[in-house]
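As the structure is a prediction and not an experimental result, all values here were calculated from the model.
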Amino acid sequence: MRRLATLVLLCGAVLTVAGTGVARAQGTELMPGVDVERIVQFTAHGPVALQVITAPRPGAQNGLYQLAPALAHSVVGGHAAPLTQIERDLSTQATVAGINGDFSRPGGVVIANGVLLRPPLQTRSSIGIDAAGGLHVDRVRFAGDWRGSGPRRPLTGLNQTPAAGQVVLFTPAYGAPVPRVPGSAEAVFDTFPAALPNVDLTAVVTAVGSGGGETIPPAGAVLLATGSAAARLQAEAPAGTQLTARLILQPAWAGTVAALGGGPVLVKNGKPVFRSLEDFSSDQVSSRAPRAGVGQLADGRIVLVAVDGGQPGYSAGMTSFELAQTLQRLGAVSASAVESGGAVTAAFDGRLLNRPSDSAGPRAISEALLVEYFGVYAPPLQPLLNGDPARTAEPLAYKLVRPSTVTAALIGPDGISRLLESGVAHPPGLYSPAFAGYDVEGTWHWHVQATDDLGRTSVADETFRYDTTLSGLTVASPARGSAVVRFTLARAARAHLRIETKAGVVVRDLPAAALPAGVHQLVWDGLLPQRTRAYGGAYVAHVFESSAVGAADLAVLFTFRR
């Protein structure tokens with residue numbers, strides 16, 4: 001029971017839904033339109049903690065929101081980085097929140113901006129997002145071919161290490177020279193069309209090679225053949241030959257703009273899937289472990305779920321079917337799993353949101369699944385300005401990822417707008433306007449509106465409270481065995497004193513008192529709740545007050561002499 005109580009405290013303030021065995025935290029806005037909710041499910045196997053990120057339908061607001069895979073170091077050639085680092089690497093291009101992507105080795109399909117970067121694994125589900133923002137979970141097969149001066153020949157793969165007798169196309173997305181393969185043959189293209197699926201890709205061979213190791217031209221490609229296929233490539237694709245390749249997906253997935261590997265399928269037509277018959281071992285789907293998944297709600301919104309596990313007393317994890325049931329209860333009509341195990345992480349703009357089970361911290365992964373937001377973003381503000389002389393102004397800021405025209409204002413509790421910028425054109429970057437003219441106490445709004453170079457308008461609105469009710473907190477010890485806590489109230493308020501250790505453990509809570517404006521003092525007699533005397537040493541005096549403006553608190557460290 002103590003562990004369960006600790007879990008609830010760790011997850012923040014929770015709302016218990018009667019009869020469901022679920023505790024749900026209030027959702028927190030990560031960026032405009034995107035929230036994270038911390039949920040605790042109480043099960044017979046122990047508590048299960050999960051993070052649920054909810055975002056608008058991909059493509060919403062004229063493309064301000066997207067759902068897409070993100071590769072470590074932006075290449076498919078086996079690089080890895082923690083999810084937090086992948087997000088930080090993208091921070092100048094978008095504000096992002098997400099989870100792990102595919103965990104297959106080698107990975108499954110990757111499509112970015114409609115371009116095929118890696119083919120699917122036909123024995124597992126693939127996750128696709130179409131131009132209208134629809135999420136599709138399908139078994140997708142790959143078949144390719146190439147033709148030089150002879151007939152069409154099989155093309156086996158894309159950006160993958162070839163096996164004997166195979167032909168593989170390598171594009172700049174591979175991120176490295178092509179593999180060295182004894183006896184192989186290569187056709188090099190200085191320019192090559194973007195690798196769109198299901199269309200003819202035609203280019204002229206500019207050089208040939210053997211044994212592999214060629215650098216892929218920045219705008220080109222390399223076709224590598226091994227075994228018996230090498231002789232055919234040498235004979236039918238010498239330098240100067242016009243060669244045509246096709247990368248065929250079945251089903252065609254026409255209109256798919258982004259995709260990644262995954263599986264197993266979790267929810268289909270609104271119903272959780274118990275047995276997917278995909279290429280996963282029994283242990284992979286039936287063990288209780290950290291898991292991640294993605295789903296789409298009936299209204300088109302996207303949910304990303306990261307389940308913590310492997311941590312008794314905090315989170316036991318889930319089986320694959322339990323994750324399916326959870327996504328269905330969240331309202332998903334279509335859903336798929338992605339990575340499972342100790343690497344499961346959820347993060348926002350490079351900041352960790354969950355508690356991975358690995359003691360060393362988040363694992364390095366090859367790809368992520370991210371919600372990308374291209375509008376203006378304003379970081380959250382401190383909740384109070386409560387008479388602390390070290391904080392006389394809020395650190396106002398906003399971020400742009402595209403050239404934009406900006407209007408920024410502070411709107412006071414009186415409803416009056418204080419313009420800081422009006423129609424100012426800015427390149428992408430982080431901006432920090434200054435303002436120090438706070439003259440009305442209450443809730444203020446930091447309101448930023450931006451119209452980018454594509455004509456898309458976005459708004460960021462963050463609130464903070466300016467409150468000088470409580471100030472001047474000091475502690476005096478006129479005699480051993482007591483502490484006098486003095487403070488000033490600018491208006492009538494109800495105040496109470498709490499004595500804590502430096503670590504935040506409550507030592508004594510004194511009764512609250514209704515006090516008028518003015519200088520006041522509250523006395524701690526040095527006793528604990530059991531009427532025993534506290535040990536001498538460092539303590540914290542924490543004063544809480546609530547007034548017509550709102551609630552505030554101040555704390556100060558002091559030394560207690562027993």
Open item on the list: What I want to find out is whether Arg355 reaches Asp308 closely enough, with some N-O distance under 4.0 Å, to be called a salt bridge.
Closed with: no
Task: Side chains of Ile302 and Thr54 in contact at under 4.5 Å (non-hydrogen atoms) - done: no
TODO: Applying side chain to side chain contact (heavy atoms under 4.5 Å, CB included), name anything that partners Glu322, two or more places apart in sequence or on another chain.
DONE: Arg288, Met318, Thr319, Gln325
Task: Glu236 bridged to Arg153 by N-O distance under 4.0 Å - done: yes
Open item on the list: Check whether Ser287 reaches the backbone of Asp283 with its side chain - one donor and one acceptor, N or O, closer than 3.5 Å.
Closed with: yes
Open item on the list: Using only atom types and a distance under 3.5 Å, with no angle test, would you say the side chain of Arg141 pairs donor to acceptor with the backbone of Gln122?
Closed with: no
Task: Gly107 backbone acceptor or donor facing Asp102 side chain under 3.5 Å - done: no
Open item on the list: Is it the case that the side chain of Gln166 and the backbone of Ala163 share a donor-acceptor pair, with hydrogens and angles ignored and the cut-off at 3.5 Å?
Closed with: yes
Open item on the list: If we ignore hydrogens and angles and just use 3.5 Å, is the side chain of Asp358 paired with the main-chain N or O of Pro362 as donor and acceptor?
Closed with: no
TODO: Assess the side chains of Asp349 and Ser91: does a donor N or O sit below 3.5 Å from an acceptor N or O?
DONE: no
Open item on the list: Is the shortest side-chain heavy-atom distance between Trp253 and Val140 below 4.5 Å?
Closed with: yes
Task: Closest contact, heavy atoms only, Val167 versus Ala225 - done: CG2-CB, 3.8 Å
- [ ] Provide the closest heavy-atom pair for Arg232 versus Trp146 in the form atom of the first, atom of the second, distance.
- [x] O-CH2, 4.0 Å
Task: salt bridge (charged side-chain N to carboxylate O under 4.0 Å, His left out) contacts in which one or both residues fall within residues 206-230, not counting sequence neighbours - done: none
Task: Ser458 to Gly375 - nearest heavy-atom pair and separation - done: OG-CA, 3.3 Å
TODO: Might you point out which heavy atoms bring Ser184 and Gly212 nearest each other, and give the distance in Å?
DONE: OG-N, 3.2 Å
Task: Backbone of Glu372 reached by a side-chain donor or acceptor of Gln66 within 3.5 Å - done: no
Task: Minimum side-chain heavy-atom gap Leu370-Leu83 below 4.5 Å - done: yes
Open item on the list: So Val40 and Val48, do their side chains get closer than 4.5 Å, heavy atoms only?
Closed with: no
TODO: Take atom CG of Asn113 as the centre, draw a 6.0 Å sphere, and report whether it contains more than 12 heavy atoms from other residues, nucleotides or ligands.
DONE: no
Open item on the list: Regarding Thr345 and Asn100, do their side chains bring together a donor and an acceptor under 3.5 Å, going by distance alone?
Closed with: yes
Task: Close side-chain approach of Val208 to Glu186, heavy-atom, < 4.5 Å - done: no
Open item on the list: To check you understand the geometry: which heavy-atom pair defines the closest contact between Leu67 and Val371, and what is its length?
Closed with: CD1-CG2, 4.1 Å
- [ ] Keeping the roles fixed (side chain from Ser126, backbone from Pro120), state whether a donor-acceptor pair exists under 3.5 Å.
- [x] no
Open item on the list: In the structure I gave you, are the side-chain heavy atoms of Gln160 and Tyr174 within less than 4.5 Å of one another anywhere?
Closed with: no
Task: Distance-only donor-acceptor check, side chains Lys399 and Thr95, under 3.5 Å - done: yes
Task: Side-chain (Thr206) to main-chain (Asp190) donor-acceptor, under 3.5 angstrom - done: yes
TODO: Would you please say whether a donor-acceptor pair under 3.5 Å links the side chains of Ser125 and Glu278?
DONE: yes
TODO: Evaluate the criterion side chain to side chain contact (heavy atoms under 4.5 Å, CB included) for residue pair Leu330 and Val305; output intermediate values, then yes/no.
DONE: CA-CA 10 Å; Leu330 289 170; Val305 177; 3.9 Å; yes
Task: Ala49 backbone acceptor or donor facing Asn354 side chain under 3.5 Å - done: no
Task: Lys NZ or Arg CZ of Arg57 over Tyr65 ring: under 6.0 Å, within 45° - done: no
- [ ] Report yes if some heavy atom in the side chain of Pro162 is under 4.5 Å from a heavy atom in the side chain of Pro179; otherwise report no.
- [x] yes
Open item on the list: Whether Arg118 and Glu367 form a salt bridge (side-chain N of Lys/Arg under 4.0 Å from carboxylate O of Asp/Glu) is what I want to check.
Closed with: yes
Task: Heavy-atom pair with the smallest gap, counting every atom of Pro264 and Ser320 - done: CG-OG, 3.5 Å
Task: Residues Arg88, Leu90; criterion side chain to side chain contact (heavy atoms under 4.5 Å, CB included); working and verdict - done: CA-CA 5 Å; Arg88 284 192 289 268; Leu90 292 173; over 6 Å; no
Task: Side-chain heavy-atom pair Leu116, Phe142 within 4.5 angstrom cut-off - done: yes
Task: Gln296 (side chain) donor-acceptor with Gly300 (main chain) under 3.5 angstrom - done: yes
Task: Pair Val338-Ile127, side chain to side chain contact (heavy atoms under 4.5 Å, CB included): steps then yes or no - done: CA-CA 9 Å; Val338 283; Ile127 304 161; 3.7 Å; yes
